[in-house]
Amino acid sequence: MASKVAAKAVDFARIYSSLGLSKETISSLQAFRKRHSEAQRIHTSLAAQPTTVDIAHYRGVLKNQAVVDEAERVLKGFKPVTYDVQAHVKAIEAFETKAVAKAEQTSQRIDEELKELQATLDNIEQARSFDDLSVEQVGEAHPHLMQTVETMMKKGKWTVPGYKEKFGDLAMA
């Protein structure tokens with residue numbers, strides 16, 4: 001009974017978002033929860049039905065007592081069929097193994113991304129401000145910029161293509 005209360009207290013939406021599960025994992029979990037709730041509903045409805053047959057009632061209602069005798073014999077001889085559920089258990093264990101493996105992969109990817117983000121943040125914090133940089137230092141860091149500027153100077157171009165369209169003309173004259 002306590003497990004049912006605990007299951008109802010779980011906020012699955014928060015779990016899905018906080019664990020960063022993949023869409024595939026979330027949809028698998030939601031499908032499993034749906035199948036489980038449907039099975040519980042069917043079980044509850046079947047458990048509420050009476051399981052005994054009143055043979056005396058049928059003896060009083062039916063004229064053909066041979067049919068009632070045959071039904072009584074069949075009911076007394078009825079033995080429920082047992083099913084081997086090991087295949088289902090193995091399938092569930094395989095699903096669990098697959099889910100755990102995907103969760104571990106997701107955890108590793110998140111850890112790698114966090115390391116990369118931390119390295120980027122450290123790089124940003126340690127970088128010099130733009131005011132402290134010289135043109136030579138920018139040219140050393142990005143040689144293609146220096147080549148582009150030299151080519152423009154050789155061709156006599158003193159404006160950057162697309163600059164006026166993007167930022168407007170700031171000329172005073």
Side-chain angles (χ1 to χ4, degrees), residues 1-130 141-142 144 161-163 165-168:
M1 187 61 139
S3 64
K4 289 182 181 179
V5 173
K8 289 182 181 179
V10 174
D11 183 9
F12 284 99
R14 189 173 65 92
I15 289 174
Y16 297 153
S17 63
S18 66
L19 292 179
L21 301 175
S22 69
K23 291 180 182 179
E24 183 179 298
T25 305
I26 291 172
S27 64
S28 295
L29 286 172
Q30 288 173 337
F32 176 78
R33 287 183 55 219
K34 183 179 178 184
R35 289 192 311 269
H36 177 261
S37 64
E38 182 66 19
Q40 280 184 324
R41 186 189 63 75
I42 291 171
H43 176 265
T44 304
S45 68
L46 292 176
Q49 295 178 357
T51 58
T52 59
V53 178
D54 186 11
I55 298 293
H57 169 73
Y58 290 107
R59 285 194 192 280
V61 173
L62 297 173
K63 292 180 184 178
N64 188 350
Q65 295 299 311
V67 171
V68 176
D69 291 338
E70 177 68 20
E72 185 176 19
R73 185 183 62 75
V74 168
L75 283 171
K76 286 183 180 178
F78 175 74
K79 297 207 189 304
V81 177
T82 58
Y83 290 100
D84 182 22
V85 295
Q86 288 302 320
H88 295 291
V89 170
K90 287 180 182 177
I92 291 170
E93 288 174 351
F95 174 78
E96 179 183 10
T97 304
K98 186 177 175 182
V100 168
K102 284 193 175 205
E104 288 173 354
Q105 288 176 349
T106 302
S107 174
Q108 289 175 353
R109 276 198 318 262
I110 289 172
D111 289 342
E112 290 172 6
E113 288 179 18
L114 284 174
K115 288 178 185 176
E116 290 173 5
L117 289 172
Q118 186 62 41
T120 303
L121 182 62
D122 291 342
N123 190 13
I124 290 170
E125 289 174 350
Q126 294 173 359
R128 290 184 285 171
S129 68
F130 288 110
H142 298 284
H144 64 88
Y163 184 86
E165 290 80 12
K166 189 170 185 178
F167 299 107

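Residue indices begin at 1 and follow the sequence shown.
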Considering only NZ, NE, NH1 and NH2 on the basic side and carboxylate oxygens on the acidic side, decide whether [X] and [Y] come within less than 4.0 Å.
| X | Y | value |
| --- | --- | --- |
| Glu72 | Lys76 | yes |
| Glu70 | Arg73 | yes |
| Arg41 | Glu38 | yes |

Exercise. Please report the C-alpha distance between Val53 and Tyr58 in whole Å, then the side-chain angles of each, then the deciding distance to 0.1 Å, and finally whether the side chain to side chain contact (heavy atoms under 4.5 Å, CB included) criterion is met.
Key: CA-CA 9 Å; Val53 178; Tyr58 290 107; 4.0 Å; yes
Exercise. Just say parallel, tilted or perpendicular for the rings of His36 and Phe32, cut-offs at 30° and 60°.
Key: parallel
Quiz item: Is the closest side-chain heavy-atom distance between Val89 and Glu93 below 4.5 Å?
Solution: yes
Quiz prompt | Flag side-chain contact, heavy atom, 4.5 Å: Gln49 against Leu46 | solution = yes
Quiz item: How about His88: does its NE2 atom have over 12 heavy atoms from other parts shown lying under 6.0 Å from it?
Solution: no
Nearest 0.5 Å, please: how far is [atom2] in [Y] from [atom1] in [X]?
| X | Y | atom1 | atom2 | value |
| --- | --- | --- | --- | --- |
| Leu114 | Gln118 | CG | CD | 8.5 Å |
| Ser22 | Gln105 | OG | CD | 9.5 Å |
| Ile110 | Leu117 | CD1 | CG | 11.5 Å |
| Ser28 | Arg33 | OG | CZ | 13.0 Å |

Quiz item: Is the backbone N or O of Lys102 less than 3.5 Å from a side-chain atom of Thr106, with the two atoms forming a donor-acceptor pair by type?
Solution: yes
Quiz item: Where is the tightest heavy-atom contact between Gln65 and Arg59, given as atom of each residue plus distance?
Solution: NE2-O, 2.9 Å
Practice problem: State, to 0.1 Å, how close Ser27 and Glu24 come at their nearest heavy-atom pair, and which atoms those are. | Solution: OG-O, 2.9 Å
Quiz item: Given Lys23 and Ile26, is the side chain to side chain contact (heavy atoms under 4.5 Å, CB included) satisfied, shown in steps?
Solution: CA-CA 5 Å; Lys23 291 180 182 179; Ile26 291 172; 5.7 Å; no
